Amino acid sequence: MANHWLMKSEPDAYSWQQLLKDKRTHWNGVRNHQAALNLKAMKVGDLAFFYHSNEGKEVVGICRIAREAYPDPTDTAGRFVMVDVEPVQPLPTPVTLAQMKAEPKLADIGLIRQSRLSVMPVSAPHWALICKLGGLKKAP
DNA sequence: GCCAACGTTGGC
DNA sequence: GCCAACGTTGGC
């Protein structure tokens, strides 16, 4: 069973629309050790929610890990890693942070508990619930 | 090794 | 624009 994740990006820096256009991207620039540990735990084929922080504050789509962690060339010290991701599908209805906060079952999700972490795991029940809120009949 | 100061993230 | 959370830095 593949793991599920949530990855944040400010749409000003890199948006879901840009990922759709690029078809694939290097998820570089992570400079937090806990986030880096999560990147290292990812396997090819794992799925991740794509969350827009600051602007939107909503889960907008689902992407797939296309390459496992390898050194991030933008980190000159060579300490951090990145993965490659590719888009799978958008959510028919984006799921906002406010919606997730209003849902008692999501009270302990990393997105709310640890608001500054940019890459975090999502449990299978949370994954299924957010997919449902997003208008998907069946969670991928 | 402690802790205050400072910087960054991200929600509001 | 403000502020809370939290990670990092640097003086001691």
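Below, each value reflects all heavy atoms present in this structure, side chains not excepted, and no hydrogens, waters or symmetry copies. Here the structure is a predicted model, which means the values were calculated and not measured. Lettering follows sequence order; numbering is per chain, from 1.
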Between Tyr14(A) and Asp22(A), is any side-chain donor less than 3.5 angstrom from a side-chain acceptor? yes
Is there a donor-acceptor pair closer than 3.5 Å between any side-chain N or O of Glu103(A) and the backbone N or O of Lys105(A)? yes
Are Arg31(A) and Asp72(A) within salt-bridge range, i.e. N to O under 4.0 Å? yes
Listed in order of residue number, which residues of residues 28-37 of chain A have a non-hydrogen atom at under 4.0 Å from DNA chain C? Asn32(A), His33(A)
What I want to find out is whether Asp84(A) reaches Arg24(A) closely enough, with some N-O distance under 4.0 Å, to be called a salt bridge. yes
Between Phe49(A) and His4(A), is the ring centroid distance below 6.0 Å? no
If we count only N and O atoms by modelled type, under 3.5 Å, do the side chains of Gln34(A) and Gln114(A) hold a donor and an acceptor together? yes
Please identify the 5'-most and 3'-most nucleotides of DNA chain B with any atom under 4.0 angstrom from a heavy atom of chain A. dG7(B) to dC12(B)
Side-chain donor/acceptor of Asp46(A) to backbone N/O of Asn3(A), under 3.5 Å: yes
Checking the side chain of Gln18(A) only, and the main-chain atoms of Ser15(A) only, is there a donor and an acceptor separated by less than 3.5 Å? no
Between Glu55(A) (side chain only) and Pro11(A) (backbone N and O only), is there a donor and an acceptor less than 3.5 Å apart? no
Just by distance, with hydrogens left out, do Asn38(A) and Trp5(A) show a side-chain donor and acceptor under 3.5 Å apart? no
Kindly state which residues belonging to residues 7-20 of chain A come within less than 4.0 angstrom of DNA chain C, counting heavy atoms of the residue only, listed by number. none
